[in-house]
Participant: 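Below is one structure. I have some questions about it.
Computed from a prediction, not measured in an experiment: that's the story for all the values here.
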Amino acid sequence: MNVTVEVVGEGTSEVAVGDGGTYADLVRAVDLSPHEVTVLVDGRPVPEDQPVEVDRVQVLRLIKGG
């Protein structure tokens, strides 16, 4: 399944995820750590170890260097 991953304020990527792929897998695919982000589905946070069941997510960075 292809999933659109929007990193809020930074851009959007298309990520292919296999059966059993988790939200943490999506985060890693866009070169982020699951420890520094929250994944949102329909505006609500989801556990990073939950299997992906949607075709679009938002990733909100909690830590940003500067």
Participant: What distance do Arg56 atom CZ and Thr12 atom OG1 have between them, rounded to the nearest 0.5 Å?
Facilitator: 5.5 Å

Participant: Could you check Val5 against Val59 for side-chain contact (heavy atoms from CB on, under 4.5 Å), going step by step and ending with a plain yes or no?
Facilitator: CA-CA 7 Å; Val5 180; Val59 175; 3.6 Å; yes

Participant: What distance do Arg28 atom CZ and Ser33 atom OG have between them, rounded to the nearest 0.5 Å?
Facilitator: 7.5 Å

Participant: Please determine whether the number of non-hydrogen atoms from other residues, nucleotides or ligands lying under 6.0 Å from atom CG of Asp42 exceeds 12.
Facilitator: no

Participant: Quick check: do Val46 and Leu40 have side-chain heavy atoms less than 4.5 Å from each other?
Facilitator: no

Participant: Do Val3 and Leu26 have side chains that get closer than 4.5 Å, going by heavy atoms?
Facilitator: yes

Participant: Consider only side-chain N and O atoms of Thr4 and Glu14, and report whether a donor and an acceptor are under 3.5 Å apart.
Facilitator: yes

Participant: Are the side chains of Leu62 and Glu36 in touch, meaning some heavy atoms are under 4.5 Å apart?
Facilitator: no

Participant: Please lay out, stage by stage, how Val8 and Arg61 fare under the test side-chain contact (heavy atoms from CB on, under 4.5 Å).
Facilitator: CA-CA 7 Å; Val8 176; Arg61 290 184 73 160; over 6 Å; no

Participant: Assess whether side-chain contact (heavy atoms from CB on, under 4.5 Å) is satisfied between Val30 and Val15, documenting all intermediate values.
Facilitator: CA-CA 8 Å; Val30 294; Val15 176; 4.0 Å; yes

Participant: Minimum heavy-atom separation for Val27 to Pro34, with atom names?
Facilitator: CG1-N, 3.7 Å

Participant: Rounded at 0.5 Å granularity, tell me how far OG1 in Thr38 sits from CD in Glu48.
Facilitator: 9.5 Å

Participant: Compare all side-chain heavy atoms of Leu60 with those of Val37 and state whether any distance is below 4.5 angstrom.
Facilitator: no

Participant: Nearest 0.5 Å, please: how far is OH in Tyr23 from CD in Gln50?
Facilitator: 5.5 Å

